[in-house]
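Each chain gets a letter, A, B and so on, in the order the sequences are listed, and its residues count up from 1.
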Amino acid sequence: MTDAFNYDAWTSALERGELLGGRCQSCETTFGTPVMVCPDCSHRGLAPTPLAETGTVHTVTRIEVPPTGFEGPFFVGIVELEDARLTARIEADDGEPEIGDSVTFAGGLSAAPDGRVAPLFRLD
Amino acid sequence: MTDAFNYDAWTSALERGELLGGRCQSCETTFGTPVMVCPDCSHRGLAPTPLAETGTVHTVTRIEVPPTGFEGPFFVGIVELEDARLTARIEADDGEPEIGDSVTFAGGLSAAPDGRVAPLFRLD
Amino acid sequence: MTRASVVGVGMTTFGVHDQPLPELFGQAALDAIDDAGVMPGDIDSFYFGNAMGGQTENDTHLAPTLATEIGLAGIEAQRFEDACATSANAFKNAVEAVDAGIHDTVLVGGVERCTPETGKGTGAMTEIFASASHRQYEQPTGLTFPGVFALLTKRHMHDYGTTERQLAHVAVKNHYNGTNNPRAHFGTETTVEAVLDSPIVADPFHLMDCCPFSDGAAAVIVTSDDVADSYDEPVDVTGVGQATGRVPLGLKSDIHATQPARDATATAYEQADTTAEAVDFAEVHDCFTGAEILASEAIGFFEDGDGGPAAEAGRTAADGDRPINPSGGLKAKGHPIGATGVSQIVELTEQLRGDAGARQLDDPTRGLAHNLGGDAATTVISVLEVRG
Amino acid sequence: MTRASVVGVGMTTFGVHDQPLPELFGQAALDAIDDAGVMPGDIDSFYFGNAMGGQTENDTHLAPTLATEIGLAGIEAQRFEDACATSANAFKNAVEAVDAGIHDTVLVGGVERCTPETGKGTGAMTEIFASASHRQYEQPTGLTFPGVFALLTKRHMHDYGTTERQLAHVAVKNHYNGTNNPRAHFGTETTVEAVLDSPIVADPFHLMDCCPFSDGAAAVIVTSDDVADSYDEPVDVTGVGQATGRVPLGLKSDIHATQPARDATATAYEQADTTAEAVDFAEVHDCFTGAEILASEAIGFFEDGDGGPAAEAGRTAADGDRPINPSGGLKAKGHPIGATGVSQIVELTEQLRGDAGARQLDDPTRGLAHNLGGDAATTVISVLEVRG
Ligand SMILES: [Zn+2]
Ligand SMILES: [Zn+2]
């Protein structure tokens, strides 16, 4: 097994502005976030792999009532990057992101009160 | 059934400086705090009854490491008032309360960060 | 095949309560005990649900405390937490236990306080609810629980043409049903326009698409099939399915399928040897209007994509052909998290007994409860029937 | 009579971990799966324990998340919380389920993070632990969890003459045992003087009378008796008892009896058709040194009042006649709350298999686990035996 691809690796990369997914070394599916066992084929150990940096909005919502410590409103969506999906913040200069819109990875966003980083995408 | 003897009645009395226990109207046991069903005989509905204001220390500890929001050290003990027992703060002008010592009810103490009141006893 | 029977039910009003959790639960539990007419000494075990007492009230290890409050100190007890599916999972474990002969008679119940009576406001509660989404891969985005179901619902709207107006019809119908339920949090009607005019929480959901923060408790007495005959009005549990699904959202194949609900439904129908067509009504987990649409499809009441039009056409109203949430659902009855699953069982039992008063459906013989947790990654489906 | 069998065990080191709960748990669970050699598809259900993830890490609804992490998404799952008895209660429910034929093979496990890795310091953790005492009648006094056991122990000292020195011997013995356990939080010896010289937390407890805040996870695979034969090294579960007691402390008749432990022990011994004399060793819940003394009496290893002198005389050492906590116990092995109960089952299994390495006892055939929650108001007692 190669070095485990885990949360620490994923979030460290994000803090550096890199977006890593996990690629199953058996069925070759790519997932947007680490997981110890492949959900599709039960193989153990996903390898870190750079995700596509452009993709489309699979679904999105505008959060108007945020949790304590966050400033709203903002957009959260699931973005689809080739076969991988992950939950991310989406920013738009104007207008609203819609399902099917193209988005590009724009680094890690530290908006959470505890400083945890989330993937940020921008509407193309 | 008379008016239910519940937490609201118990704590309101304590805030007024009164110490109420619950007396089972069937087996006549007295308990230091309200409970909907008598633990001894399963009768429903305890009636509020003034507890004896002097009693003895059943057990006691000096808390040196308190929860957030409390100032330590302080003494917490179980006091025995005739047949009723309850957990209470115990204050001593000097020395330490010991098991078997006599104590007297000294009102409600609001030491908790949320302002909830606890029974306070003083070492005689 | 009867797996277990419900022989007694109890429930507080859902709304705002200032009592401590043990006293709030005690009301519901003593009512269930009295309704059954069970001797406390005959209760073998206590299956208890509370979702967030630690976070909202710094109150954990509640099972022995609640047992003491109602005169059952000493009893075997266990607390379950599975987010909003908390007490349905307690119920499922209880049904399995009496079905397998582990116990004869058990108390199942849940309690929760979510209103500002706990000292927590909207922001804090929104943060606490977010604890049921993925800590590492979802919470840092600021995703809220209305947000989670908004994501599922937006995709459903995209794929099937479901409209905000159809969603609003769910709220209108459930508010109307709530006016017939004396225990409901909301007892007033609303209109499609009022829903659509209310402020956005997480689009497409307006405030009036969302269930309220509620306090409340619910309890039932569950017995084995053979013990049930000695009680007055048993209602039979013929199927209980539970399934989980992938977390976080990004790992799910089809986010609005709510696959665990489909898996749990298949299990429950198989156990009950029944089908969606033979189920007369359902209580489903309408934490948001969109969730009711998804649930109505997952339990097979409607084909995928037909849930929205069916709601708009009134088919899920109490006098429709597929009644859903005659109690008012989470939307109008209220949603004290850990009490919700068992409160659905209370509603099913009362409907099947013919005891539902102003909200009584026309002689139903079989009902279904759908209770989900998180993004539906835990779902419990129960089928109850008039005793044959 | 075998009720169930343990066919695989896994456990992380207990100590300080910075991984998220799903990954920490995943290590232990995958190790247990590998140890058993079970096919993931053969696992029917997941009985999971976590006590305070909501309070410490805003992380709830963990069962589906953890299942996903280890490739078991879709599985039936339920989370238990019963304070420090959390995962023993999950274990007890799992044993009942396989014994009754509800499932053939289940995964049981627990995980917790209690160290400052969560961002919570001593004051905050002390407040969180206090959530297991009565919210209305105990917490407002400022009573802490060391304080609860201090109250029980002080009365035991008064009634039986138990001394602080005897308590310190428990810590010394458990620290010594911990030096032989590579997974222990503490791997260093201590002395009676060092314990007595350490600062007071809640008298009579010094800092060195208290177990540490730990992070960790433990998991076991439990199968039915007949399925167990297809595995390499099954260890049999012959009895599991659980009982609750009155809360708050003021309602208890005899506070240091820890009556639920006595009731649960009676049930477990009856199921296992055994007695304290026939039990070769025990893992007991020594959250504080005094708790081990009370437990050693409650499980019948010693007459009431003899626990203190027995500890001082070395009778509970690994080479004594009544070994207790050969793992190092909570005191030295560590106490990641929701993982503790299952970690005791891991230790029993390894000892009974003869796999315990440097801490291996002399050919034991029967062991007991004692896991309590709160002021002992929840206690679970399990008896495991070498497969006959
Ligand atoms: Zn794969
Ligand atoms: Zn009485």
field: Close approach to chain C in residues 90-101 of chain D, criterion heavy atom under 4.5 Å
entry: D/K92, D/N93, D/E96, D/A97, D/A100
So for [X], is it side chain, backbone, both, or neither that comes closer than 4.5 Å to the heavy atoms of chain C?
| X | result |
| --- | --- |
| D/E127 | both |
| D/P20 | both |
| D/P22 | side chain |
| D/Y137 | side chain |
| D/L66 | neither |
| D/I75 | both |
| D/E138 | neither |
| D/N89 | side chain |

Would you mind telling me which of [options] has the largest number of heavy-atom pairs within less than 4.5 Å of chain C?
| options | value |
| --- | --- |
| D/E81, D/Q242, D/E69 | D/E81 |
| D/G74, D/S133, D/A132 | D/G74 |
| D/L251, D/N58, D/L62 | D/N58 |
| D/G374, D/A83, D/A77, D/A243 | D/A77 |
| D/Q136, D/M52, D/H134 | D/Q136 |

field: Exercise: do D/T378 and C/H61 side chains pair donor with acceptor under 3.5 Å
entry: yes
- prompt: At their closest point, which heavy atom of D/G245 faces which heavy atom of C/A73, and how far apart are they?
  reply: C-CB, 4.2 Å
task: For residues C/T68 and D/V247, report the shortest heavy-atom separation together with the two atoms involved.
output: OG1-N, 3.1 Å
For [Y], is there any backbone N or O sitting under 3.5 Å from a side-chain donor or acceptor partner on [X]?
| X | Y | answer |
| --- | --- | --- |
| C/E76 | D/T244 | no |
| C/E57 | D/R135 | no |
| C/S131 | D/G54 | no |

- request: Please examine the side chains of C/Q55 and D/T60, heavy atoms only from C-beta on, and report whether any two atoms are closer than 4.5 Å.
  value: yes
